[in-house]
*Asks:* 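The structure under discussion is supplied below as structure tokens; questions concerning it will follow.
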Amino acid sequence: MLWKDKPLSRVNSTLLSPDGILIERHWQELAGRRRAYSWLIGIGLLIAVSGSLWFANDSNAGKFFDRIPHFFDFAGDLVPRDGWEVWRALFDLPSPYFDGSLKFDYPEGRVYLFGPLYMPEYFYKMLQTLNIAIIATLTGAFFGFLLCFLAARNLVKSKMIRFVARRYMEILRAFPEIVIAGFFAAILSLGPIPAMFAVGIHTIGALGKLFFEVVENADMKADEGLRAVGANWFERVGFGIVPQVMPNFMSYALLRLEINVRASTIIGAVGGGGIGEELRLSIGRGHQAKTLAIIVLLLATIIAVDQFSAWLRRRLVGNQAFAFGAKQS
């Protein structure tokens, strides 16, 4: 084996030039420093985790570690006596175990459309949650689209305009949706309207930031050409920038739609309506079949939204962009 094939630290110093010896010494110093930092970070993480576990145990009157063996008891308690109960609860079908209690009153939640035709309760609630998410996403994408061009460094020279646009979007996304929902619930009372405001406001700030970062990475050659022929600012943005960034805008908006479906569910659990409220009630009352039915419906909805997003993006960008090993122009 040639000396150049050996690790640098094992090379005989007599085979190295003075510069090579200096490089080897410097490499050994860097490697030792890296090992020292790795040990310090590992010890720091160990201390932080140990302190967190101690604090958790102390806050729970010494019961934290005692309850660890029962960590999965809640999941076991969710298993109903009959697997078909989940589907009966999902489609509002009568249960053979009905005893007059709320636990098995599945048909009571039916939403009759006309005559005997009805929509199952949880599907109706899921539609409410989807409506909240869709309206909030459309609102956020619209206003985020308007604000992002004012915040882009390559389109706006005025530092004041960029500063105001960026700080405004930061304020909108600074607070979690559930906090904004609580504020609007105090004004508008409980229901889906405060949830729409809360998710929509947060979406404006989140999408606006993503959008203006895409705009700042756009190719400015088209803008230069339009400027050369005397186009104004709106024409340069509309014909030179928007066609480039629209596929990425749609991708981010569709991703935000998935996030907003989950956010709308969480807000529903605190009085924002929709499927989240039903999930909270079923968990609190210990209704196993209803809880699992809602979880199955939520999972199916998220998968459906994800597949719809992928299909729509392919329609916008083209299937050739998704081929294995394909180059994107």
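All residue numbers refer to positions in the sequence shown, counting from 1.
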*Asks:* Should we say atom CH2 of Trp87 is surrounded by more than 12 heavy atoms from elsewhere, each under 6.0 Å from it?
*Replies:*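 It does not: Trp87 CH2 has 12 such atoms or fewer within range.
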*Asks:* Does some side-chain heavy atom of Arg153 sit less than 4.5 Å from a side-chain heavy atom of Arg162?
*Replies:*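 Contact flag for Arg162/Arg153 side chains = yes.
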*Asks:* Of all heavy-atom pairs between Ala198 and Ile180, which one has the smallest distance, and what is that distance?
*Replies:*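 Result for this residue pair: CA-CG2, 3.7 Å.
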*Asks:* Is there side-chain contact between Phe143 and Leu172, with at least one heavy-atom pair below 4.5 Å?
*Replies:*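 The answer is no, as the side chains (C-beta and beyond) never meet within the 4.5 Å cut-off.
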*Asks:* Could you tell me if Arg167 sits above the aromatic ring of Phe163, with its cationic atom closer than 6.0 Å to the ring centre and no more than 45 degrees from the axis?
*Replies:*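 Yes - Arg167 lies over the ring of Phe163, closer than 6.0 Å to its centre and within 45° of its axis.
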*Asks:* Go through Glu216 and Arg166 one step at a time and tell me if the salt bridge (Lys or Arg N to Asp or Glu O under 4.0 Å) criterion holds.
*Replies:* CA-CA 13 Å; Glu216 288 186 337; Arg166 294 188 182 195; 2.6 Å; yes
*Asks:* For residues Glu213 and Asn248, determine if any side-chain heavy atom of one lies less than 4.5 Å from a side-chain heavy atom of the other.
*Replies:*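 No, every pair of side-chain atoms sits at 4.5 Å or beyond.
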*Asks:* So that I can tick it off, tell me whether Arg285 and Glu278 are bridged by a salt bridge, with the cut-off set at under 4.0 angstrom between side-chain N and carboxylate O.
*Replies:*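 Answer for the salt bridge query: no.
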*Asks:* Counting only N and O atoms by type, is there a donor-acceptor contact under 3.5 Å from the side chain of Asn232 to the main-chain atoms of Glu235?
*Replies:*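 Checking the backbone N and O of Glu235 against the side chain of Asn232, a donor-acceptor pair under 3.5 Å is found.
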*Asks:* Within the 4.5 Å heavy-atom criterion, are Arg88 and Pro94 side-chain neighbours or not?
*Replies:*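 Not in contact.
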*Asks:* Quick check: is Met246 connected to Phe234 through a chain of hydrophobic side chains (ILVMFWY, heavy atoms under 4.5 Å apart)?
*Replies:*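 Result: yes, single cluster for both.
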*Asks:* Using only atom types and a distance under 3.5 Å, with no angle test, would you say the side chain of Glu121 pairs donor to acceptor with the backbone of Glu108?
*Replies:*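 Side chain of Glu121 to backbone of Glu108: no pair is present.
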*Asks:* Just checking Phe123: does its CZ atom have more than 12 heavy atoms from other residues, nucleotides or ligands closer to it than 6.0 angstrom?
*Replies:*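 Result for CZ/Phe123: enclosed.
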*Asks:* Taking the side chain from Asn154 and the backbone from Val215, do they hold a donor-acceptor pair closer than 3.5 Å?
*Replies:*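 Yes; at least one donor-acceptor contact below 3.5 Å.
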*Asks:* How close do Ile267 and Ala195 get, heavy atom to heavy atom, and via which atoms?
*Replies:*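 Shortest heavy-atom contact: CG2-CB, 3.7 Å.
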*Asks:* Does a side-chain N-to-carboxylate-O contact under 4.0 Å join Glu29 and Arg35?
*Replies:*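 Judged by the 4.0 Å cut-off on N to carboxylate O distance, Glu29 and Arg35 do not form a salt bridge.
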*Asks:* If hydrophobic clusters are built from ILVMFWY residues whose side chains come within less than 4.5 Å, do Phe104 and Leu93 share one?
*Replies:*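 As far as the 4.5 Å side-chain criterion goes, Leu93 and Phe104 are not connected within one cluster.
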*Asks:* Quick check, are the ring centers of Phe197 and Phe183 under 6.0 angstrom apart?
*Replies:*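 No: the rings miss the under 6.0 Å criterion.
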*Asks:* Indicate yes or no for a side-chain donor-acceptor contact from Trp233 to the backbone of Val156 under 3.5 Å, with no hydrogens or angles considered.
*Replies:*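 The answer is no, because no donor-acceptor pair under 3.5 Å joins these two groups.
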*Asks:* Look at atom OH of Tyr252 and say whether more than 12 heavy atoms of other residues, nucleotides or ligands are closer to it than 6.0 Å.
*Replies:*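 No - once you tally the heavy atoms of other residues, nucleotides and ligands closer than 6.0 Å, there are 12 at most.
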*Asks:* Considering residues, nucleotides and ligands other than Phe239, do more than 12 of their heavy atoms fall under 6.0 Å from its CZ?
*Replies:*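 At most 12 heavy atoms, drawn from other residues, nucleotides or ligands, come within 6.0 Å of this atom.
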*Asks:* Examine distances only and state if a side-chain atom of Thr129 and a backbone atom of Ile275 form a donor-acceptor pair shorter than 3.5 Å.
*Replies:*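 Flag set: sc Thr129 to bb Ile275 pair under 3.5 Å.
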*Asks:* Would you say the side chain of Leu147 lies within less than 4.5 Å of the side chain of Tyr168, judging by non-hydrogen atoms?
*Replies:*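 When only atoms from C-beta onward are counted, Leu147 and Tyr168 do touch, with a gap below 4.5 Å.
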*Asks:* Please check if Met250 and Trp311 belong to a single hydrophobic cluster, counting links between Ile, Leu, Val, Met, Phe, Trp and Tyr side chain heavy atoms closer than 4.5 Å.
*Replies:*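 Linked within one cluster.
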*Asks:* Taking the side chain as every heavy atom from C-beta outward, state whether Leu127 and Met119 have any pair of such atoms under 4.5 Å apart.
*Replies:*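 Yes. Closest side-chain heavy atoms under 4.5 Å.
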*Asks:* List the atom of Gly140, the atom of Thr203, and the distance in Å for their closest heavy-atom pair.
*Replies:*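 Closest approach of Gly140 to Thr203, heavy atoms only: CA-CG2, 3.8 Å.
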*Asks:* Hey, does the side chain of Thr139 reach the backbone of Ala136 with a donor-acceptor pair shorter than 3.5 angstrom?
*Replies:*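 Looks like no, no N/O pair under 3.5 Å.
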*Asks:* Does the Arg173 side chain pair with the main chain of Ala206, one donor and one acceptor, at a distance under 3.5 Å?
*Replies:*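 Absent.
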*Asks:* Side-chain heavy atoms under 4.5 angstrom apart, residues restricted to Ile, Leu, Val, Met, Phe, Trp, Tyr: same cluster for Val111 and Tyr118?
*Replies:*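 Same cluster: Val111 reaches Tyr118 through Ile, Leu, Val, Met, Phe, Trp or Tyr contacts under 4.5 Å.
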*Asks:* Do Val79 and Gln288 come within less than 4.5 Å of each other through their side chains, counting heavy atoms only?
*Replies:*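 Result no, sub-4.5 Å side-chain heavy-atom pair not found.
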*Asks:* Do Asp92 and Arg110 meet the salt-bridge criterion of a basic N to acidic O distance under 4.0 Å?
*Replies:*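 Looking at Asp92 together with Arg110, the answer is no, because their closest N to O distance does not fall below 4.0 Å.
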*Asks:* Parallel, tilted or perpendicular: which one describes the rings of Phe249 and Phe211, with boundaries at 30° and 60°?
*Replies:*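 Rings of Phe249 and Phe211: parallel, under 30°.
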*Asks:* Treat each ILVMFWY residue as a node, draw an edge where side-chain heavy atoms are under 4.5 Å apart, and state whether Leu130 and Leu138 are in one component.
*Replies:*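 Yes, same cluster.
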*Asks:* Do the side-chain N and O atoms of Tyr106 and Glu85 include a donor-acceptor pair separated by under 3.5 angstrom?
*Replies:*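 A pair is found: one side chain offers a donor N or O, the other an acceptor, under 3.5 Å apart.
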*Asks:* Taking the side chain as C-beta and beyond, is there a heavy-atom pair between Val261 and Glu258 under 4.5 Å?
*Replies:*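 They are not in side-chain contact.
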